[in-house]
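Numbers for residues simply follow the sequence, beginning at 1. The model shown is predicted, which means the values in this text are computed figures rather than measured ones. Just the heavy atoms: all of them, side chains too, but no hydrogens, waters or symmetry mates, feed the values below.
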Amino acid sequence: MEKHDSEWQAEQKRVTGITKLLTARIRQLSEELGLHRSDVVDMRKDFWEEVTVNFSSPDDLGETSTSLRQQAQILNERERHHLQSSKALKKYKKLVVSPYFGRIDFSESGDSGAEKIYLGIGSLMEDDGTFLIYDWRAPISSLYYDGAPGPAAYETPGGLVNGNMELKRQFVIDNGIIEVMFDTGMTIGDELLQQVLSHSADDRMKSIVATIQKEQNAVIRNDRSRMLVVQGAAGSGKTSAALQRVAYLLYKYREVLQADQMLLFSPNPLFNSYVSTVLPELGEENMQQTTFQMYLEHRLGQEFQLEDVFSQTESLLNAPDGPAAAVRREGIGYKSSVAFLDAIRRYVNLLEHEGMKFKPLMFQGRAVVSKEEMERQFYAYDSNIKLANRIDLMTGWLLKKIAAFSVEERSASWVEDQIEVLDSSDYQRAYQMTRRKGGGHDNSFDDFDTEKSMLARYIVSQRLKPLRVWTKRGRFVDVKGLYSRLFTDRQLIDSLNGENVLPEAWAEICAMTLDTIAAGELAYEDATPFLYLKELSQGFRTNTLIRHVIVDEVQDYSPFQLEFMRRLFPRAKMTVLGDLNQAIYAQGEVLGDLAGLVSIYGEENTEVISLTRSYRSTYEIVEFTRAMIPGGERIVPFNRRGETPSLTVLNSESELLASVEQDVLNLHAAGYHYVAVICKTAEESADVYTKLQNRLPVRLVTKETPNFQKGTLVLPAYLAKGVEFDAVIIYDGSDQKYSRENERKLFYTACTRAMHLLHIYSLGQLSRFLPAAARESVATASLKS
């Protein structure tokens, strides 16, 4: 005990010294930054006064150029120094609150003594270069996450370093005071993890650097694989690990990798807000964040009214069992499959020889170039030229056709009519344009004929400008016609489908697809195949700047969409995170085993890591929810105890509303600040919100909701993915709501959002997906009462 006290005092003394050093550096940097800021402002203001400008002779011009370059370099250097100092100040301000969270004593093989290594969210050095705190991402820091006292080793750029870990110690430090300190023989002691997990939920995801587990560390530090697949149970920390992975990669490759070269595809805009502070907490800039829907809107939103995945899901969940719903699901399954992907690839190969469709170039109701003429030209090119390259050749040919048409059109009667009504501003623009093109030399047109010719040229050029833009964008390719043909020509699709079998309801799927397209709409399951065909036929747009792509909730993407991403980002590595037990969208059912993703980059470039331990929820909640799904026994609950989930059966909605109201009030009174009332659909959520808002302060979450806020939220189950709450109230967990097999995972996902408490209400009989023992106990209690 005395030894522990003396060690605590020694550690506290060190923390106090570190805190004083950080405070001094913060003060010094703050003063320097004030001076730097003033210097930069003054330099910008006086920039031209410090430069000698003289263009009289070539020598003077060279001197002016040199003077400009030197002054710009000085300004850039000052601004760069200011930026570096600002980043250092931010880091020190974070460290001064909690300088570090861990210590290991490590003696390298052959050394006589052990080095004391303290780990924090950033590094801190003495003026002589001695490390006082190591960044958690440094190579030696992996010992803290992976090792235990005894023989240990860590990887460095120069090779493996072997040695012995003599001590592992963990801290909780707040404002310069050690609140918790203990030594552990485990990777990360359960005591610290218990404390962190028992905290309340928050409106932003927190960094987990102090509690990273060994299996999570394997995800974070993996930089070998072209594609890393992380299969993780609900609450296993896969998203947190992925974000720390981004911070790690930015640290390790800081000379060549920037935050804006990394891209996160998240499940919804609400999730983007939820994870937005993790990287800044670690001193890194945020990477780019988007959703797949946003990309589809960017590419196809001007051509179609696009359905999103939430509308698709809402439609399927609200649809009664019957032929129409079955046809839609069957269509989604096929259009999301590798079979359809292969069919479209074969289709593009076929189009190189026959069947290409074009739209005529039209001007004022007349065809500048007919689609028949375009087709003849297209197939006149060498058959060995790939389709997309031929489209490039076609674009050049069509622009020449437009140029020739423009010359002919200048003498048309409508052009003379337009000349008559030109105002002065149009006249001036016409003059300036002809001057730029070398058509005029003086301050006025030479004579009436010249003036008329130049004005005609200007008018026709302006009128044809949209057609030229349309042509340069490849809009003359009739992608809508090409895609529709797949659903009108049965013989064609049969030949393209090869040995794969078309859905039984193919005729109905075709009719549904064509009706939607005719209405100017595109179903969610059609958007990616349509865009893929568009890209293959017009030239694939790629983004070579992005070097790493992270896809969260990958189980909700189809193989088709993932292959499209691979083509879109050809130079990027990928990290994909998912849980098949939370595959709640229809196209996600096509993916099957996540291990199947190896086909995208090949087995030699893919690694699969499984995270089976669940940390988010209490032991009781994990035990309860894992019984809801096949294979749930493989999920390992963390031993943080809590209350058993409660099941309450009610007979009327008035009783249900009253019970939920009282439950919410009790939860807030008990200190639970983040409470979710989770409904099955957006339609049910809106109805429940309307009924509750007169009783309680509640917020409705929709697919447009931009951020996650404290309080009581009413939301559909599919928008709760990826976030967590102190307490979850399932508004109606009855068998009437959740009985179809495709609703099992939706129900499971909703229940696993709870960190501390899970309360399930039911109007009538409980869902068949709830654990049998829990349902039987409720039934027994009802009989006794």
Side-chain angles (χ1 to χ4, degrees), residues 200-203 268 270 273-274 310 314 317-318 617-618 621 624 642-721 723-738 743 746-747 749-767 770 774 778 781-782 785:
S200 175
D202 204 340
D203 58 354
N268 52 57
L270 180 68
S273 167
Y274 183 59
F310 310 119
E314 191 76 11
L317 289 175
N318 287 318
S617 307
T618 62
I621 292 174
F624 180 89
E643 294 183 18
T644 301
S646 67
L647 303 178
T648 307
V649 176
L650 299 163
N651 296 316
S652 69
E653 190 165 22
S654 60
E655 284 183 291
L656 177 55
L657 287 166
S659 297
V660 170
E661 176 188 5
Q662 189 58 53
D663 200 356
V664 170
L665 292 173
N666 292 341
L667 288 167
H668 285 302
Y672 296 108
H673 302 300
Y674 292 86
V675 178
V677 179
I678 299 183
C679 304
K680 180 181 174 183
T681 64
E683 184 179 309
E684 183 186 20
S685 298
D687 180 56
V688 171
Y689 167 75
T690 301
K691 291 169 180 173
L692 283 179
Q693 66 176 336
N694 296 324
R695 299 167 174 259
L696 294 164
V698 292
R699 293 188 181 91
L700 177 65
V701 174
T702 69
K703 63 185 180 183
E704 284 87 21
T705 300
N707 50 44
F708 183 47
Q709 296 179 336
K710 182 185 291 187
T712 302
L713 304 180
V714 181
L715 70 165
Y718 52 79
L719 286 182
K721 284 172 67 70
V723 296
E724 59 192 23
F725 304 91
D726 289 329
V728 165
I729 297 171
I730 302 295
Y731 184 76
D732 183 5
S734 66
D735 204 53
Q736 185 177 359
K737 288 288 181 185
Y738 300 97
E743 294 163 343
L746 183 71
F747 195 20
T749 300
C751 293
T752 55
R753 301 306 94 199
M755 293 176 63
H756 308 301
L757 293 170
L758 173 61
H759 297 171
I760 300 174
Y761 291 90
S762 175
L763 271 175
Q765 183 179 343
L766 287 160
S767 169
L770 291 169
V778 172
S782 299
S785 62

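Residues meeting the ring-ring contact (aromatic ring centres under 6.0 Å, His included) test with Phe747, sequence neighbours left out: Tyr738. With sequence neighbours left out, Asp663 forms a side chain to side chain donor-acceptor pair (under 3.5 Å) with His759, Tyr761. With sequence neighbours left out, Arg695 forms a salt bridge (charged side-chain N to carboxylate O under 4.0 Å, His left out) with Glu661. Partners of Lys691 under the salt bridge (charged side-chain N to carboxylate O under 4.0 Å, His left out) rule, at least two apart in sequence or in another chain, are Glu653, Asp687. Looking at residues two or more places apart in sequence or on another chain, you find a side chain to side chain donor-acceptor pair (under 3.5 Å) between Thr712 and His668. Taking the side-chain contact (heavy atoms from CB on, under 4.5 Å) definition, one finds that Gln693 meets it with Tyr689, Thr690, Val698, sequence neighbours left out. Glu743 is linked by a side chain to side chain donor-acceptor pair (under 3.5 Å) to Lys680, Arg740, counting only residues two or more places apart in sequence or in another chain. Shown here are the side-chain contact (heavy atoms from CB on, under 4.5 Å) partners of Thr705, two or more places apart in sequence or in another chain: Leu270, Val701, Thr702. Residues satisfying the side-chain contact (heavy atoms from CB on, under 4.5 Å) criterion with Asn318, sequence neighbours excluded, are Glu314, Thr681, Glu683. Partners of Gln765 by side chain to side chain donor-acceptor pair (under 3.5 Å), not counting sequence neighbours: none found. By the side-chain contact (heavy atoms from CB on, under 4.5 Å) test, Ser654 is found to be paired with Ser652, residues two or more places apart in sequence or in another chain being considered.
Identified under the salt bridge (charged side-chain N to carboxylate O under 4.0 Å, His left out) test for residues 751-762, with sequence neighbours left out: none.
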